[in-house]
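Here is the structure we will look at.
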Amino acid sequence: MPVLGGLVGVVNNFSDGLYTVTRSNPSTYVDGRHVPGATSTFSVRGSLQPLTGRDLQRLPEGRRGEESIKLLTETPLLTENEATQQRADRLTFDGWEWEVSNAERWERMAGYGRYILTKVKEAS
Amino acid sequence: MPMDWSDKEDAIRDWVVVGSGLADTRVIWASQDGFRPQRPFATVTISSIDDVGAVDGQHTEYDPLRPAGQEIELYTKGLRDISVRVQFFTTSSIGDSCARALAHRTKLYLRADTVRDALRAAGLSPYDPGQVRDLSALLGSEFEGRASLDIRLYATDGISEFTTFIESVEAEIPALNDDTETIETP
């Protein structure tokens, strides 16, 4: 039970919809050629909000000029993990795919996570 | 006759796997979307393809057994100089398993008969085993062993087009009359 368990209710009250998230299995190499991992989709309920200046500072320097948004949700999302060859989760919004580039995990404390997503490409 | 890149890529990569002693999954082609494998690993790049000589040779070959309309083959064929860069990445920058050692071992295996036979079967002939360069550098707060090996190989390349004989020619003789006369080849 999160220490501040009531906050997830607050986050859900601000939720503005259900969003589709695509998660990839770790990719592999076959004969030296990259084989992307299989993907699956699921829905998350959350609150999409614009970034503040402080949020932008959390992004790597080379990505601060890219369009980004933040999502508050109780569903844990994954960032990129080179050690496990795991790609970051991607959310579909407004006809585009947005990749999770930064995560603040407040699940233990308050039952929700706060994620920064960066626009990557048009949704197929 | 155009280059079969898959066969050539596989042969080149097989040489690196055998020569370096790295696991198959640790030798990858560079410039792909995937993550870098865990170290030690190597990346391979075909960095350039140059023509050897001013023009390719042009040849004509006749085979009556080919399908009608394609009896004559017109083909050009030439020699290509292919440069391959192999880069090695290891945790250590010294010792028997450092990047420099792996690169040197891989270069040595370019002289092995089995390796050369496999490359020849793919239409590749290594002629310049190149140089090993140690490029170890800081990655974060630790040094990463890095080395580069550049080699050059010859391969042939060309294209074919097919045509047939001229069966008939129509010619007008306007000076004499307005008739046209058809001349057929025997």
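Throughout, protein chains are lettered first and strands after them, A, B, ... in sequence-line order, and every chain is numbered starting at 1.
- The shortest heavy-atom contact between A:Arg33 and B:Asp10 is NH1-OD1, 2.9 Å.
- More than 12 heavy atoms of other residues, nucleotides or ligands shown are found within 6.0 angstrom of CD on A:Gln49.
- The number of heavy-atom neighbours closer than 6.0 Å to CG of B:Asp50, taken from other residues, nucleotides and ligands shown, is above 12.
- No path of Ile, Leu, Val, Met, Phe, Trp and Tyr side chains, each step under 4.5 Å between heavy atoms, connects B:Phe89 with B:Leu102, placing them in separate hydrophobic clusters.
- Per-residue heavy-atom pair counts under 4.5 Å with chain B were compared for A:Glu80, A:His34, A:Gln86, and the maximum is reached by A:His34.
- Of the atoms belonging to B:Arg26, not a single heavy atom falls under 4.5 Å from chain A.
- Closest heavy-atom contact between B:Phe35 and A:Tyr29: O-OH, 2.7 Å.
- Annotation: B:Asp33, atom CG; neighbour count of heavy atoms from other residues, nucleotides and ligands within 6.0 Å does not exceed 12.
- Heavy-atom contacts from other residues, nucleotides or ligands closer than 6.0 Å to CD1 of B:Ile94 number 12 or fewer.
- Across all their heavy atoms, B:Asp24 and A:Asp31 have their closest contact at OD2-N, 4.2 Å.
- In this structure a side-chain-to-backbone donor-acceptor pair under 3.5 Å is present from A:Gln85 to B:Arg36.
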